**Q** 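Got a structure for you, questions after.
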Amino acid sequence: MTDAEDDPNAGGEPTGAPSEEPNSRARLMHEVAEQMDAIEADFPDGFEIGRVITIVEVKQPDGEVGLRIRAGQYPWVAMGMLRFALTSLEAGIGRG
(Lines give C-alpha, C1' and ligand atoms only; values in the text may rest on other atoms or scores of the structure.)
Protein backbone atom coordinates (compact mmCIF):
# COMPACT_ATOMS: atom_id res chain seq x y z
CA MET A 1 0.00 0.00 0.00
CA THR A 2 1.39 3.43 -0.88
CA ASP A 3 0.81 6.86 0.60
CA ALA A 4 -0.83 7.84 -2.69
CA GLU A 5 -3.49 5.21 -2.02
CA ASP A 6 -4.05 6.34 1.57
CA ASP A 7 -3.63 10.10 1.36
CA PRO A 8 -6.07 12.15 -0.69
CA ASN A 9 -3.62 15.04 -0.40
CA ALA A 10 -0.60 13.11 -1.68
CA GLY A 11 1.46 15.40 -3.84
CA GLY A 12 -0.09 18.53 -2.36
CA GLU A 13 0.34 20.59 0.76
CA PRO A 14 -0.38 18.65 3.96
CA THR A 15 -3.66 19.59 5.58
CA GLY A 16 -3.39 21.49 8.83
CA ALA A 17 0.37 21.95 8.44
CA PRO A 18 2.05 25.31 8.11
CA SER A 19 2.96 26.17 4.51
CA GLU A 20 6.52 26.96 5.58
CA GLU A 21 8.53 25.91 8.59
CA PRO A 22 11.31 28.21 9.75
CA ASN A 23 14.03 25.59 9.27
CA SER A 24 14.29 23.65 6.01
CA ARG A 25 16.17 20.81 7.71
CA ALA A 26 13.40 20.51 10.31
CA ARG A 27 10.77 20.45 7.55
CA LEU A 28 12.52 17.61 5.72
CA MET A 29 13.05 15.65 8.94
CA HIS A 30 9.35 16.13 9.80
CA GLU A 31 8.30 14.76 6.40
CA VAL A 32 10.55 11.72 6.78
CA ALA A 33 9.22 11.09 10.31
CA GLU A 34 5.62 11.23 9.02
CA GLN A 35 6.50 8.74 6.28
CA MET A 36 8.05 6.40 8.86
CA ASP A 37 4.93 6.68 11.06
CA ALA A 38 2.74 5.79 8.06
CA ILE A 39 4.92 2.79 7.21
CA GLU A 40 4.79 1.53 10.80
CA ALA A 41 0.98 1.91 10.82
CA ASP A 42 0.60 -0.02 7.55
CA PHE A 43 3.07 -2.79 8.45
CA PRO A 44 2.69 -3.35 12.22
CA ASP A 45 4.00 -6.92 12.21
CA GLY A 46 7.49 -6.03 11.15
CA PHE A 47 9.21 -4.85 8.03
CA GLU A 48 12.55 -3.89 6.57
CA ILE A 49 13.12 -0.68 4.63
CA GLY A 50 14.39 -1.45 1.15
CA ARG A 51 15.45 1.03 -1.50
CA VAL A 52 14.68 4.72 -0.96
CA ILE A 53 14.25 7.61 -3.37
CA THR A 54 13.89 11.18 -2.18
CA ILE A 55 12.59 14.02 -4.32
CA VAL A 56 12.70 17.46 -2.77
CA GLU A 57 11.57 20.79 -4.21
CA VAL A 58 14.21 23.39 -3.36
CA LYS A 59 13.13 27.05 -3.36
CA GLN A 60 15.96 29.56 -3.51
CA PRO A 61 15.78 33.15 -2.20
CA ASP A 62 16.02 34.54 -5.76
CA GLY A 63 12.81 32.70 -6.73
CA GLU A 64 14.52 29.86 -8.60
CA VAL A 65 13.01 26.45 -7.93
CA GLY A 66 14.75 23.15 -8.51
CA LEU A 67 14.37 19.48 -7.72
CA ARG A 68 16.88 17.46 -5.77
CA ILE A 69 16.61 13.73 -6.47
CA ARG A 70 18.60 11.12 -4.61
CA ALA A 71 18.35 7.46 -5.55
CA GLY A 72 20.95 5.05 -4.21
CA GLN A 73 20.39 2.21 -6.65
CA TYR A 74 20.93 1.38 -10.29
CA PRO A 75 19.22 3.92 -12.58
CA TRP A 76 16.90 1.30 -14.09
CA VAL A 77 15.71 0.30 -10.60
CA ALA A 78 15.09 3.95 -9.68
CA MET A 79 13.21 4.50 -12.95
CA GLY A 80 10.99 1.49 -12.26
CA MET A 81 10.22 2.72 -8.77
CA LEU A 82 9.38 6.18 -10.12
CA ARG A 83 7.12 4.70 -12.81
CA PHE A 84 5.29 2.67 -10.16
CA ALA A 85 4.92 5.79 -7.98
CA LEU A 86 3.54 7.77 -10.94
CA THR A 87 1.02 5.04 -11.75
CA SER A 88 -0.03 4.86 -8.08
CA LEU A 89 -0.52 8.64 -7.91
CA GLU A 90 -2.50 8.66 -11.16
CA ALA A 91 -4.75 5.87 -9.88
CA GLY A 92 -5.50 7.92 -6.76
CA ILE A 93 -6.51 11.04 -8.68
CA GLY A 94 -10.24 11.69 -8.52
CA ARG A 95 -10.85 9.58 -5.45
CA GLY A 96 -13.03 11.20 -2.82
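In what follows, residues are counted from 1 in the order of the sequence shown. None of these values were measured; they are calculated from a predicted model.
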**Q** At what distance, to the nearest 0.5 angstrom, does CD of Gln35 lie from CD1 of Ile49?
**A** 8.0 Å
**Q** If you measure from CG on Leu67 to OG1 on Thr54, what distance do you get to the nearest 0.5 Å?
**A** 11.0 Å
**Q** Looking at side-chain heavy atoms only, is the closest gap between Val77 and Arg51 below 4.5 Å?
**A** yes
**Q** Can you tell me how far apart CD (Glu57) and CZ (Arg68) are? Round to the nearest 0.5 Å.
**A** 15.0 Å
**Q** For the atom pair CG (Leu89) and CG (Leu86), what is the distance rounded to the nearest 0.5 Å?
**A** 6.5 Å
**Q** If you count heavy atoms of other groups shown closer than 6.0 angstrom to OH of Tyr74, is the number above 12?
**A** no
**Q** Using side-chain heavy atoms (C-beta onward) and a distance below 4.5 Å, is Ile53 in contact with Gln73?
**A** yes
**Q** Do you know which two heavy atoms are closest between Ala41 and Pro44, and how far apart they sit?
**A** O-CD, 3.7 Å
**Q** Does one hydrophobic cluster hold both Ile69 and Val32, with members joined at side-chain heavy-atom distances below 4.5 Å?
**A** no
**Q** Any chance CE of Met36 has more than 12 other-residue heavy atoms, nucleotides or ligands included, within less than 6.0 Å?
**A** yes
**Q** Quick one: are Val56 and Leu28 in side-chain contact, heavy atoms under 4.5 Å?
**A** yes
**Q** Can you list the residues that meet the side-chain contact (heavy atoms from CB on, under 4.5 Å) rule with Glu48, with sequence neighbours excluded?
**A** none
**Q** Within the structure provided, determine whether Leu82 and Ile55 are in side-chain contact (heavy-atom separation under 4.5 Å).
**A** yes
